[in-house]
Amino acid sequence: MVLGTQRDATARVAPGGAPVLVLSLQRRDYQAALLATVAAAALSRVPALAALPAASRALALASLKHQARPPGSKLFAQGDVESSLYVVGSGHVQLVKPEPAGSNPTF
């Protein structure tokens, strides 16, 4: 089954058989588990975070704010005061440094 699609069949416990134990995972819980897995993998690729003790990594993981950003949106701007460490879990980010001559080299 694909999450978010309309079901095209009915599921029911077969009559005359033994009771069935059904385990379900709500979409939001599945998404949270998936995000936690992606975040843990992303944190493990950051040397400063990978070197932390397991309990500290778990605290960092629990403190993460998951954000989906559309293409072209700004994470921070040149001159902003740092207040967060950004770890890119998937996708690509461009760093652009405006120069006085008007060029915008991209890193």
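Residues near Leu35 contribute nothing to a hydrophobic cluster around it, because no ILVMFWY side-chain heavy atom sits closer than 4.5 Å to its side chain.
A search for side chain to side chain contact (heavy atoms under 4.5 Å, CB included) contacts involving Val22 returns Val20, not counting sequence neighbours. Listed by chain and residue number, nothing satisfies the side chain to side chain donor-acceptor pair (under 3.5 Å) test with Arg45 (two or more places apart in sequence, or in another chain). In this view, Val87 and Ala42, Leu43, Val46, Leu49, Leu85 satisfy the side chain to side chain contact (heavy atoms under 4.5 Å, CB included) rule, not counting sequence neighbours.
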Which pairs of donor and acceptor atoms, one on a side chain in residues 51-65, lie under 3.5 Å apart (sequence neighbours left out)?
{"residue": "Arg57", "atom": "NH1", "partner": "Ala50", "partner atom": "O", "Å": "3.4"}
{"residue": "Arg57", "atom": "NH1", "partner": "Leu52", "partner atom": "O", "Å": "2.4"}
{"residue": "Ser63", "atom": "OG", "partner": "Leu59", "partner atom": "O", "Å": "2.9"}

Pairs under 3.5 angstrom only: tabulate donor-acceptor contacts from the side chains of residues 67-82 to other protein residues two or more places apart or in another chain.
{"residue": "Gln67", "atom": "OE1", "partner": "Arg69", "partner atom": "NE", "Å": "3.0"}
{"residue": "Gln67", "atom": "OE1", "partner": "Arg69", "partner atom": "NH2", "Å": "2.7"}
{"residue": "Arg69", "atom": "NH1", "partner": "Lys74", "partner atom": "O", "Å": "2.9"}
{"residue": "Ser73", "atom": "OG", "partner": "Pro70", "partner atom": "O", "Å": "2.8"}
{"residue": "Asp80", "atom": "OD2", "partner": "Ala77", "partner atom": "N", "Å": "2.8"}

